[in-house]
Amino acid sequence: MKKLLCVLLTLSLILCAAALAEDTYDEDDSTASTTLTTTIKGPDAPSYTLIIPSTLTITPNATSTTLTVQLTEANNANSIRVETAANGSMTNGSGGTIEFTVTSNELSFGNFSSLPSAKTMAIGITAEQWQQAAAGTYTGTMSFTISAE
């Protein structure tokens with residue numbers, strides 16, 4: 001039994017050494033590779049400047065809070081579209097959660113003759129959500145998808 005165990009241990013060490021040898025450094029090899037990437041935008045590529053607040057304070061017990069999205073510049077585009085999820089949640093880090101909905105979660109800007117232009121989304125929280133919320137500071141995140149056509 002001892003001989004069998006010794007043979008198995010020896011084989012496992014040999015296999016480990018073989019596996020390690022595949023990724024060993026070869027000091028005689030003076031080659032390396034780097035992947036390079038670039039994006040070349042054509043002269044008619046769309047460009048735009050949108051302002052979306054990085055923070056939005058929601059007053060406790062408010063059933064609707066406005067989030068304003070402002071388009072200040074647009075070039076080479078017919079429309080700019082801004083989308084976010086129709087609902088989400090905020091948490092307080094202690095297990096408390098407040099669910100919210102987003103009204104007008106898809107905005108489209110199309111008339112660029114009068115910039116800046118602003119459109120709004122509304123963050124809705126029901127009275128029931130406020131009533132069940134434990135004390136604490138709640139935070140949540142909204143992600144936006146922006147596209148130009």
Side-chain angles (χ1 to χ4, degrees), residues 5 8-9 11-27 29 31-149:
L5 182 60
L8 290 175
L9 285 173
L11 283 174
S12 67
L13 288 174
I14 291 171
L15 291 175
C16 287
L20 291 174
E22 291 177 11
D23 294 322
T24 58
Y25 173 72
D26 181 1
E27 63 187 37
D29 185 7
T31 62
S33 64
T34 301
T35 302
L36 304 174
T37 61
T38 186
T39 301
I40 300 172
K41 294 182 178 179
D44 56 350
S47 65
Y48 50 87
T49 303
L50 273 169
I51 299 173
I52 300 173
S54 60
T55 59
L56 181 66
T57 301
I58 298 176
T59 304
N61 297 315
T63 56
S64 183
T65 303
T66 301
L67 177 115
T68 302
V69 177
Q70 186 177 29
L71 178 66
T72 61
E73 178 184 10
N75 297 304
N76 300 320
N78 294 323
S79 67
I80 307 293
R81 186 174 171 97
V82 180
E83 297 179 61
T84 190
N87 51 48
S89 63
M90 298 183 295
T91 60
N92 69 356
S94 298
T97 301
I98 298 174
E99 303 289 332
F100 63 84
T101 59
V102 183
T103 305
S104 301
N105 66 314
E106 297 179 10
L107 303 177
S108 183
F109 294 88
N111 180 4
F112 304 139
S113 62
S114 60
L115 293 179
S117 177
K119 298 203 176 198
T120 60
M121 296 180 176
I123 312 302
I125 301 173
T126 65
E128 292 80 26
Q129 285 294 309
W130 286 119
Q131 289 170 357
Q132 62 83 33
T137 301
Y138 289 77
T139 58
T141 302
M142 291 175 63
S143 297
F144 297 88
T145 301
I146 303 166
S147 58
E149 296 176 8

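One is the number of the first residue; the rest follow in order along the sequence.
Heavy atoms only, all atoms of each residue included: Thr97 and Ser89 are closest at CG2-CB, 3.8 Å. Between Val82 and Phe109, the shortest heavy-atom contact is CG2-CE1, 4.3 Å. Looking at every heavy atom in both residues, Gly95 comes nearest to Asn92 through N-OD1, 3.4 Å. Across all their heavy atoms, Leu115 and Ala74 have their closest contact at CD1-N, 3.7 Å. Across Tyr48 and Leu71, no two heavy atoms sit closer than the pair CB-CD1, 4.1 Å. Taking both residues in full, the closest heavy atoms of Phe144 and Ile52 are given as CE1-CG2, 3.7 Å, listed atom of the first, atom of the second, then distance.
Each salt bridge (charged side-chain N to carboxylate O under 4.0 Å, His left out) pair with one or both residues in residues 137-149, not counting sequence neighbours, would appear here, but there are none. For residues 79-88, every residue pair satisfying the side-chain hydrogen bond (donor to acceptor under 3.5 Å, both in side chains) rule, not counting sequence neighbours, is listed here: Arg81-Glu83, Arg81-Glu106.
The structure places CG of Leu50 at 10.0 Å from OG of Ser117, a figure rounded to the nearest 0.5 Å. Rounded to the nearest 0.5 angstrom, Ile58 CD1 and Leu67 CG are separated by 9.0 Å.
Every residue two or more places apart in sequence or in another chain that forms a side-chain hydrogen bond (donor to acceptor under 3.5 Å, both in side chains) with Thr49 is listed here: Glu73. Every residue two or more places apart in sequence or in another chain that forms a side-chain hydrogen bond (donor to acceptor under 3.5 Å, both in side chains) with Ser113 is listed here: Asn111.
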Check: residues 119-128 side-chain donor-acceptor pairs under 3.5 Å, at least two apart:
{"unit_1": "Lys119", "atom_1": "NZ", "unit_2": "Ser108", "atom_2": "O", "d": "2.7"}
{"unit_1": "Thr126", "atom_1": "OG1", "unit_2": "Gln129", "atom_2": "N", "d": "3.2"}

Would you give me the side-chain donor-acceptor pairs under 3.5 Å for residues 59-66, sequence neighbours excluded?
none

